[in-house]
Amino acid sequence: MVSLVSEFLGGGTESVVSCIEWTLAHLIIQPDIQHKLRREIISFSGVTSPAAAAAPYLRAVILESLRLHPPVPLTMRHVTSPRALEDVLSLQPAGDGVRVHFILGRIGRDGEEWRDPDEFRPERFVAGGEAEGVGPLPGPKEVRMMPFGAGRRFCPGMGLGMTHATLFVAALVRGFEWSPAAAGEGGGVDLTEVDGFFKMMRTPLRARATPRHDDARPRMT
Ligand code: HEM
């Protein structure tokens, strides 16, 4: 019981923290994306409004972060069906089956599925983009990313995780301007990943958060 509860609490918090940290790192390196996101965010009456959770560019930023840096590095399945092993995975059925590891980060960076897969480009997820309609869970016909796993054992906290990550990032971008803590190219932001139980930044993010006082809605032109 204790281990189940700790898995639930740990799995439900560290995963969201990882997603927020990676997202902020990209917004710092690419301030143009941060500004575009902020313009969308300040058009809502508040970051907890339903409009915020459904905002297309905000959602696209979170999906792009989850595609590149899925907080859970891999999922496992014990596959016993000979048909699944032979036809889908091209493996020889053996003994009592095979344990298959799905490396989630590699799926999201597959160069045959994604244009410039290593680039952080949220525009791919908005209307007209190459990934319009792709969501956090794979559809029945194609798997282009699966940050929350797939099938019967997909993450039961997906809705909560997406909502937390989305609204946290919205609040942080609305309230602060995010810039590098250090001078120079990339400002010391190191995007090298370390895979443990969660995908973390090898060098934890250090940033300058400057409070914003210009919370006026954008002028319509
Ligand atoms: C951005 C946030 C999150 C990400 C990326 C994430 C990702 C994942 C992944 C990849 C799995 C394995 C799924 C599979 O094997 O197919 C998983 C399982 C799980 N997640 Fe999450 N998760 C997140 C947030 C949460 C939250 C908020 C909770 C609970 C409050 C939660 C609870 C769980 C539990 C209990 C499992 C195990 C399910 C099982 O074994 O059947 N997760 N998660």
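Counting convention: from 1, in listed order, for ligands and their atoms alike. Because the structure is predicted, anything quoted here is derived from the model rather than measured.
In this structure, of M162, R77, H69, the residue bringing a heavy atom nearest to atom 15 (O) of ligand 1 is R77. With atom 33 (C) of ligand 1 as the reference point, the heavy atom nearest to it among S15, P156, G159, G11 is part of P156. Of the listed options G161, C155, G10, C155 places a heavy atom closest to atom 22 (N) of ligand 1. Nearest-heavy-atom check against atom 5 (C) of ligand 1 across G149, P147, A165, P136 picks out P147.
At a heavy-atom distance under 4.0 Å, only backbone atoms of A150 (N, CA, C or O) approach ligand 1.
Between R121 and E123, no side-chain nitrogen of the basic residue sits less than 4.0 Å from a carboxylate oxygen of the acidic one, so the salt-bridge criterion is not met.
On a distance-only criterion, M76 and ligand 1 share no N/O pair closer than 3.5 Å. Distances between N or O atoms of T75 and those of ligand 1 include no value under 3.5 Å.
Annotation: atom 40 (O) of ligand 1 to nearest protein heavy atom, R153 NH2, 2.6 Å. Nearest to atom 4 (C) of ligand 1 among the protein's heavy atoms is F148 CE2, 3.3 Å. When only non-hydrogen protein atoms are considered, atom 26 (C) of ligand 1 lies nearest to G12 CA, 3.4 Å.
If you take CD on E193 and CG on L68, they are separated by 8.0 Å, rounding to the nearest 0.5 Å. The structure places CG of L58 at 7.5 Å from CG of L167, a figure rounded to the nearest 0.5 Å.
Aromatic ring pairs are classed by plane angle as parallel below 30°, tilted from 30° to 60° and perpendicular above 60°; the pair W114 and F125 is tilted.
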